[in-house]
Amino acid sequence: MREGQDHNVSAERSKARPVAVRLAGVGVAGALLLVLSGCDVGSHVDGFGWPQNGITEQSKRMYDLWIGSTVAALIVGVFVWALIFWCVIRYRKRGDKLPVQTRFNMPMEFLYTIAPILVVSVLFYYTAIVQTDVNRTTADPAVTVEVEAFKWNWQFNYQNGPTEGDRVGETVTSTLGTTEIIPILVLPTGRTIRFEETSRDVIHSFWVPELLFKRDVFPGNVRNVFEVTIDQEGAYVGRCAELCGTYHSMMNFELRAVSGDEYDRFIAAKQAGQSTQQALTAIGEEPFATTTSPFPTRRDEANFNPAGAGAGTGN
């Protein structure tokens, strides 16, 4: 009698194997399809929510990490969902007889313990690799720009080298933003650019959406340093992404990426005494920002305390 029961259990399990094999095959096929399509996966699903069209090598590495992580999560999710639905269908109630009961399946418990550890370890490894690469700085960058934030505008100081140790970079020319003119930060493509950020007053935040990350700008002796290599020419809006006071929303700038030759001519024109607008015109660029415009600040009006309003009148 016992042998007959064992035979029936084995027969039921053998019938279940083809279903499991087919489901596993579908999961593997879907995973291979996603992996073989590579980076095109993101373009078909709007980057899985991650901004696309980054303009730096660093932004592309972060984008690839996001796509890979999302695809891996989907593969795991599809596999788990398939197992859940398979169990629901395979072991649904078919009368008063209980389905086959499985207890203390050591291989399965081992898999459920090791698989998550492996997934987290792989994701941690690639995250550490990309983060280290994005934060890496070089000893001798081609261009060094000191980003100086203040309430409520920007000053960009082009320096003759980075500030490291006892060496202090010297400013060769600057661009200062005003209420009436949006400051334009001109940078070359194809060269390593170091940003050295500092603030005169409170914490600000340097943010160009196409860089796919932002960096806080701290007051005092703290200099937030990072490097990028821009690979696309164009005009890109920049903003302060840290609530810094009354006119925080009006603290815009523009990043203008040009060729290396145009950049050299721009710096030479600035050093010759030309304004930023004159130097931009000399290299064939629009003299004023094209991605944003000055906001009507009304700073010259008594908009908070209108003239003639008595104290306590509620005006």
Side-chain angles (χ1 to χ4, degrees), residues 30-77 119-145 147 156 162 184-197 205-217 224-242 252-263 285 290-292:
L32 288 175
L33 181 62
L34 289 173
V35 172
L36 291 176
S37 59
C39 296
D40 291 335
V41 173
S43 62
H44 294 305
V45 289
D46 197 24
F48 289 115
W50 185 273
Q52 300 183 77
N53 303 319
I55 62 173
T56 66
E57 296 177 2
Q58 291 78 3
S59 66
K60 291 179 173 59
R61 294 189 184 98
M62 291 186 289
Y63 176 79
D64 291 341
L65 175 64
W66 174 262
I67 296 300
S69 302
T70 307
V71 169
L74 286 174
I75 292 173
V76 173
V119 170
V120 171
S121 298
V122 172
L123 290 177
F124 176 81
Y125 171 77
Y126 283 105
T127 299
I129 292 295
V130 172
Q131 178 175 299
T132 301
D133 188 50
V134 169
N135 290 330
R136 181 180 291 112
T137 57
T138 58
D140 188 23
V143 177
T144 301
V145 178
V147 177
F156 304 120
I184 299 178
L185 173 60
V186 180
L187 295 174
T189 57
R191 299 183 186 178
T192 303
I193 304 166
R194 172 176 292 193
F195 293 88
E196 297 184 357
E197 300 178 340
S205 188
F206 180 88
W207 180 42
V208 178
E210 282 76 11
L211 296 182
L212 296 193
F213 65 90
K214 69 182 184 68
R215 292 296 177 104
D216 286 343
V217 186
N224 200 343
V225 178
F226 67 99
E227 294 182 5
V228 301
T229 301
I230 301 174
D231 55 20
Q232 296 181 33
E233 296 184 16
Y236 309 97
V237 66
R239 309 182 189 279
C240 174
E242 186 79 23
N252 291 352
F253 65 94
E254 181 173 284
L255 188 153
R256 190 79 59 84
V258 299
S259 66
D261 178 66
E262 291 177 332
Y263 171 78
E285 289 284 327
T290 59
T291 59
T292 183

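None of these values were measured; they are calculated from a predicted model.
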Stepwise side chain to side chain contact (heavy atoms under 4.5 Å, CB included) check, Arg194 with Thr137: CA-CA 8 Å; Arg194 172 176 292 193; Thr137 57; 3.5 Å; yes
Which atom of Gly54 lies closest to which atom of Asp231, heavy atoms considered: O-OD1, 4.5 Å
Phe156: which of Val147, Ile184, Val186 passes side chain to side chain contact (heavy atoms under 4.5 Å, CB included): Val147
Asn224 side-chain N/O to Arg215 backbone N/O, donor-acceptor pair under 3.5 Å: no
Full working for side chain to side chain contact (heavy atoms under 4.5 Å, CB included) between Glu242 and Asp216: CA-CA 8 Å; Glu242 186 79 23; Asp216 286 343; 3.7 Å; yes
Euclidean distance, Gln131 CD relative to Phe124 CZ, rounded to 0.5 Å: 8.5 Å
Spacing of Arg239 atom CZ and Thr292 atom OG1 [to the nearest 0.5 Å]: 6.0 Å
CA sep, side-chain torsions, deciding dist, call: Val134, Met62, side chain to side chain contact (heavy atoms under 4.5 Å, CB included): CA-CA 8 Å; Val134 169; Met62 291 186 289; 3.9 Å; yes
Any donor-acceptor pair under 3.5 Å from Lys214 side chain to Val208 backbone: no
Parallel, tilted or perpendicular, as decided by the 30° and 60° cut-offs, for the rings of Phe226 and Phe195: parallel
Check residues 253-262 and write down every donor-acceptor pair under 3.5 Å in which the side-chain atom is one partner and the other belongs to a residue at least two apart or another chain.
| from | atom 1 | to | atom 2 | distance (Å) |
| --- | --- | --- | --- | --- |
| Glu254 | OE1 | Thr290 | N | 2.8 |
| Glu254 | OE1 | Thr291 | N | 2.8 |
| Glu254 | OE1 | Thr291 | OG1 | 2.7 |
| Glu254 | OE2 | Arg256 | NE | 2.8 |
| Glu254 | OE2 | Arg256 | NH2 | 2.7 |
| Arg256 | NH1 | Glu285 | OE1 | 3.1 |
| Arg256 | NH1 | Glu286 | O | 3.0 |
| Arg256 | NH2 | Glu286 | O | 3.4 |
| Arg256 | NH2 | Phe288 | O | 3.2 |
| Ser259 | OG | Glu262 | N | 3.3 |
| Ser259 | OG | Glu262 | OE1 | 3.4 |
| Glu262 | OE1 | Ser259 | N | 3.4 |

Heavy-atom check, side chain of Tyr263 versus side chain of Val143, under 4.5 Å: yes
Which atom of Thr144 lies closest to which atom of Pro141, heavy atoms considered: OG1-CG, 3.7 Å
Min side-chain heavy-atom separation Thr229-Ile193 under 4.5 Å: no
Tyr126 atom OH, neighbour heavy-atom count above 12 within 6.0 Å: no
Contacts of type side chain to side chain donor-acceptor pair (under 3.5 Å), residue Asp133, not counting sequence neighbours: Arg61, Arg136
Contact check, side chains of Trp66 and Val130, non-hydrogen atoms, under 4.5 Å: no
Residue pair Leu211, Ser59: steps toward the side chain to side chain contact (heavy atoms under 4.5 Å, CB included) verdict: CA-CA 6 Å; Leu211 296 182; Ser59 66; 5.9 Å; no
Side-chain donor/acceptor of Glu227 to backbone N/O of Thr138, under 3.5 Å: yes
